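Please read the structure below before turning to the comments.
In this text the structure is predicted, and so the values were computed from the model without any measurement. We name chains A, B, ... by the order of the sequence lines, and we start the count at 1 in each one.
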Amino acid sequence: MGEELPPTERLYTALAGIPPGKVVTYGQLAELAGMPRRARWVGQTLKKLPKDTTLPWFKVINSQGRISFPAGSEAAERQADKLREDGVEVSEQYRINLKVYQL
DNA sequence: CGACTGACCAGAT
DNA sequence: TATCTGGCCAGTC
């Protein structure tokens, strides 16, 4: 019968489908993957992605419209650069306007 | 087994 | 805007 993909696979698929210039929150991505209220699980899963992944991990931000890495860290800076390349406006304080860029 | 930790979140103050 | 609280749940020790 119909075999359903594992949760992680559904997460990858949903993430790969985020259009250019758009972002999603951890909680939103959890719902898209069919795992409502599992925002933390999304974070744990993304953390395990290989460093050379082609998935747009940088499109995932928290519900406050901020990058979930310590300000000034390499990770935060890398994510901000990626988002800007993708056409998303990111302030110096790593803030993104969800009203404009959220899927 | 309990205690603690996270790429989290929503509501209250 | 900032801080706190309770909820969430898989890993780790």
Between dG6(C) and dA7(B), how many Å separate the two P atoms, rounded to a whole number?
23 Å

Side chain Lys82(A), main chain Pro56(A), donor-acceptor under 3.5 Å:
no

For a 4.5 angstrom cut-off between non-hydrogen side-chain atoms, does Trp41(A) reach Thr8(A)?
yes

Donor-acceptor under 3.5 Å (Asn62(A) side chain, Gln64(A) main chain):
yes

Taking atom CZ as the centre, does Arg95(A) end up with more than 12 heavy-atom neighbours from other residues, nucleotides or ligands that are less than 6.0 angstrom away?
no

Only one of Leu46(A), Leu55(A), Val60(A) passes side chain to side chain contact (heavy atoms under 4.5 Å, CB included) with Leu11(A), and that residue is Leu46(A)

Could you walk me through whether Ile61(A) and Gln79(A) pass the side chain to side chain contact (heavy atoms under 4.5 Å, CB included) check?
CA-CA 10 Å; Ile61(A) 63 179; Gln79(A) 183 168 6; 4.0 Å; yes

Arg78(A) with Asp81(A): basic N within carboxylate O range, under 4.0 Å:
no

Take atom CD of Glu89(A) as the centre, draw a 6.0 Å sphere, and report whether it contains more than 12 heavy atoms from other residues, nucleotides or ligands.
no

Mind running a 4.0 Å heavy-atom check of residues 11-30 of chain A against DNA chain B and sending the residues that fall below it, in number order?
Thr25(A), Tyr26(A), Gly27(A)

Residues from residues 54-76 of chain A sitting under 4.0 Å of DNA chain B, heavy atoms only?
Trp57(A), Asn62(A), Ser63(A), Ser68(A), Phe69(A)

Donor-acceptor pair, side chain of Lys59(A) and main chain of Leu15(A), under 3.5 angstrom
no

Counting only side-chain N and O atoms of Arg78(A), is one of them less than 4.0 Å from OP1 or OP2 of dA7(B)?
no

What is the per-nucleotide protein-contact pattern of nucleotides 6-13 of chain C, from the 5' end, where B denotes a base atom under 4.0 Å from a protein heavy atom, S denotes such proximity for sugar-phosphate atoms only, and - denotes neither?
-BBSBS--

Would you mind reading off the distance between Met35(A) atom CE and dC9(B) atom P, rounded to a whole angstrom?
16 Å

Within 6.0 angstrom of Arg37(A) CZ, more than 12 heavy atoms from elsewhere
no

